[in-house]
Amino acid sequence: MKITIYNSLKRTKEPFETIEPGRVKMYVCGPTVYDSCHIGHARSVIVFDVIYRYLSAVGYDVTYVRNFTDIDDKIINRSNELGVSAESLAEKYIDEFHQDMDALNVLRPTLEPRATDHIDHIIRIIEILMDKGFAYASGGDVFFSVDLFNGYGKLSGRKLEDMEAGARIEVDQRKKNPFDFVLWKSSKPNEPAWDSPWGKGRPGWHIECSAMSEDYLGASFDIHGGGKDLIFPHHENEIAQSEAAFGRTFVKYWVHNGFVNINHEKMSKSLGNFLMIKDIVKEYHPEAVRLFLLSHHYRSPVDFTDQNIKNAAAGLDKMYALLERAEKYLGTLPDKDAGYYDEVPVSEKDFWGLFRDAMNDDFNTALGIGILYDSVRHTNRVLDQMPETASADNTQNRHRISNECLHILKMGNILGLFAQSPGTYFKQKKDRIIDQKSFDADAIDAMIEERRAARKSKDFKRADEIRDQLKNMNIEIEDRPDGTIWKVIS
RNA sequence: GGCGGCAUAGCCAAGUGGUAAGGCAACGGCCUGCAAAGCCGCUAUUCUCCAGUUCGAAUCUGGAUGCCGCCUCCA
């Protein structure tokens, strides 16, 4: 089955055919680094991380570029407020971005260019646009003339004459058309500035992406992504600039992810309900955040609520519990890149194949996660039918379990799950809770030991008393063949 | 005003013409000293409403209602 992608430009799903066979060139708009990243950034980054992982996994040679916008009005304003240089402010938030994304188990893209490293290239493109008559200078600013670009509005489906110019912002009188946008912006004293043929200034927002994408991917490339809000004006303007300058189709597939709401409300400054990544990962496992976000189709809005994220966290526990069980049985889990044992009958369902079908259909991770749950349940069922430890069992059964785990690990690898060993996962989780709730782990272990002794001497009354005591402390115990474990009920 | 999206069980959520995935919760069973975990079963004759196309519609068309997003250098 071939991959289909929903193309925002055509408003329909299309078969995915790369410009160059076997190669994918992908550009995704990264953050403007003037503040910490919130859950919305996480979604966008994770969505494209999964697309990157998947395309790579199925054999494409993927060049993935994600930029940093490190010069912009917001950065300048913030740096003035804080009394630090724009450069050091950007540096700080680039570091923080990396910390957040590493925590979320996001792979680094092939390249992470910064706007300020591409000023020369930006100026060259503006010069091309001036030469071709698409741009005009006024004062120290340079504007792009939208009326001269045939096809302006094709991505966002807007017609210039239908839009309410200046409905919400004052129209700049120097513009020939209110929708003309700035390519080069003259600087005020003490603002970061670069020399240009039009005087000292800095690039406009949109032009940097045209420059950086052309630099690393060429004038035409396969996939351009970003949040839905970027469709207009950012991506519309990128198309206009790049196609006007280079005379070629800019991007083949436009991919846009939906928003994250918090308790049914849009995140906004006025509501003050921004959820920052660094705060979320203090409370929830980063992979639970991934599982939650990827449980919805990437184009749909998702609603971040306590209930929903807890649901995902419980699901992740269930998956890791199965992996722990299998690991105990096998001694060690198979490597995700290992081959299947083909001398044992493959399970009645090829879960990895089904997962691939789901991903091939416009990266339907929600459907894929359903298949992942299916395979977890199936593997639990198979394990139920086998002796508890591998020592008493035969090679064929071991290989069968190994194959099932391989399916699960491969799916997890695409979704960015199961980066930890089950042992580490559960230990970290427990340590974190002990730390947060100041539990005395030794005391709990002592109670469990006392209960074990009571059970051994058939004093079930005492054993149940201890269990009830623990339950009152929000601790639940589980008697396994090889001992009793405990966990905190959340 | 222009453009776009969404409405599926108590909750979350897949599903774009062939008879409703998956998760959570609830309930019944197996297992267990009893639990927990795991497994099995059960849980929407039906997909906001009305009309139409079709042998057949959650899926297509028209209309209604409700909710949401973009048109602000917000992912």
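Everything numeric in this text was worked out from a predicted model, so none of it was measured. The sequence lines fix the lettering, A, B, ..., with proteins before strands; numbering per chain opens at 1.
- Nucleic acid contact for Phe181(A): none, since no nucleic acid atom lies under 4.0 Å from a heavy atom of the residue.
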Could you pull out the protein-nucleic contacts involving nucleotides 4-14 of chain B (nitrogen or oxygen on both sides, under 3.5 Å)?
unit_1	atom_1	unit_2	atom_2	d
A14(B)	OP1	His297(A)	N	2.8
A14(B)	O3'	Asn364(A)	ND2	2.9

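- C49(B) and U72(B) have their P atoms separated by 37 Å, with the value rounded to a whole Å.
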What pairs of donor and acceptor atoms, side-chain ones from residues 463-470 of chain A against any protein atom, are under 3.5 angstrom apart with sequence neighbours left out?
unit_1	atom_1	unit_2	atom_2	d
Asp464(A)	OD1	Arg467(A)	NH2	3.4
Glu465(A)	OE1	Arg462(A)	NH1	2.8

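- Separation of the C1' atoms belonging to G2(B) and A9(B) is 38 Å when rounded to the nearest angstrom.
- Nucleotide C60(B): paired with G52(B) (Watson-Crick or G-U wobble, both distances less than 3.5 Å).
- Comparing the C1' positions of G66(B) and C50(B) gives an interatomic distance of 15 Å, to the nearest angstrom.
- Stacking between Phe259(A) and A75(B) is present: the aromatic ring centre lies within less than 5.5 angstrom of the base six-membered ring centre, and the two planes differ by under 30 degrees.
- Here, A25(B) and A44(B) have their C1' atoms 16 Å apart, quoted to the whole Å.
- For the pair Ile309(A) CD1 and G23(B) C1', the computed distance is 14 Å after rounding to whole Å.
- Here the closest non-hydrogen pair linking Asp180(A) and Lys175(A) is O-NZ, 2.9 Å.
- Of the P atoms belonging to G15(B) and C31(B), the separation is 40 Å, rounded to the nearest Å.
- In terms of the side-chain contact (heavy atoms from CB on, under 4.5 Å) criterion, residue partners of Ala90(A) (sequence neighbours excluded) are, by chain and number, Val33(A), Asp70(A).
- The nearest whole Å value for the distance from the NE2 atom in His234(A) to the P atom in U72(B) is 15 Å.
- Nucleic acid contact class of Val47(A) (heavy atoms, under 4.0 Å, all strands): none.
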* Quick one: what's the B/S/- string for nucleotides 32-38 of chain B, heavy-atom cutoff under 4.0 Å, read 5' to 3'? -> -BBBBSS

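- Residues passing the ring-ring contact (aromatic ring centres under 6.0 Å, His included) test with His297(A), sequence neighbours excluded: none.
- With both pairing distances under 3.5 Å, G10(B) is matched to C24(B) as a Watson-Crick or G-U wobble pair.
- Scored by the ring-ring contact (aromatic ring centres under 6.0 Å, His included) test, His206(A) finds Phe181(A), His234(A) as partners (sequence neighbours excluded).
- Here A75(B) presents its P atom at 16 Å from CG of Leu293(A), a figure rounded to the nearest Å.
- Nearest-nucleotide positions on RNA chain B place Lys159(A) closer to the 5' end than the other of Lys159(A) and Gly315(A).
- Separating the CE atom of Met319(A) from the C1' atom of G23(B) is a distance of 8 Å, rounded to the nearest angstrom.
- Scanning for side-chain hydrogen bond (donor to acceptor under 3.5 Å, both in side chains) contacts around Ser300(A) gives an empty result, with sequence neighbours left out.
- Taking atom P on both nucleotides, G29(B) is separated from C34(B) by 13 Å, rounded to a whole Å.
- For Glu14(A) and U16(B), the CD to C1' distance is 16 Å, given to the nearest whole Å.
- Atoms CG (Asp229(A)) and C1' (C3(B)) sit 15 Å apart, rounded to a whole Å.
- Look at the C1' atom in both U32(B) and C39(B): the space between them is 14 Å, to the nearest Å.
- The aromatic rings of Phe179(A) and Phe232(A) lie perpendicular to each other, with more than 60° between the two planes, well past the 30° mark.
- Between Leu155(A) atom CG and Phe250(A) atom CZ the span is 10.5 Å, to the nearest 0.5 Å.
- Pairing for G1(B) is with C71(B), a Watson-Crick or G-U wobble pair whose two hydrogen-bonding atom distances lie under 3.5 Å.
- Using a 4.0 Å cut-off on heavy atoms, the residues of residues 30-45 of chain A that approach RNA chain B are His38(A), Gly40(A), His41(A), Ser44(A), listed by number.
- Considering only residues two or more places apart in sequence or on other chains, Asn380(A) meets the side-chain contact (heavy atoms from CB on, under 4.5 Å) condition with Leu322(A), Arg325(A), Val376(A).
- Between Tyr320(A) and Phe418(A), the two ring planes are perpendicular [angle over 60°; tilted spans 30° to 60°].
- For the side-chain contact (heavy atoms from CB on, under 4.5 Å) test, residues two or more places apart in sequence or in another chain that qualify with Lys200(A) are Ser187(A), Ala193(A), Asp195(A).
- For His121(A), there are no ring-ring contact (aromatic ring centres under 6.0 Å, His included) partners, not counting sequence neighbours.
- The C1' atoms of C73(B) and C67(B) are separated by 29 Å, rounded to the nearest whole Å.
- Checked against ring-ring contact (aromatic ring centres under 6.0 Å, His included), Phe274(A) has the following partners two or more places apart in sequence or in another chain: His38(A).
- Computed from coordinates, the His206(A) NE2 to U72(B) C1' distance equals 11 Å when rounded to whole Å.
- In this structure, the CG atom of Asp306(A) is 16 Å from the P atom of A25(B), given to the nearest Å.
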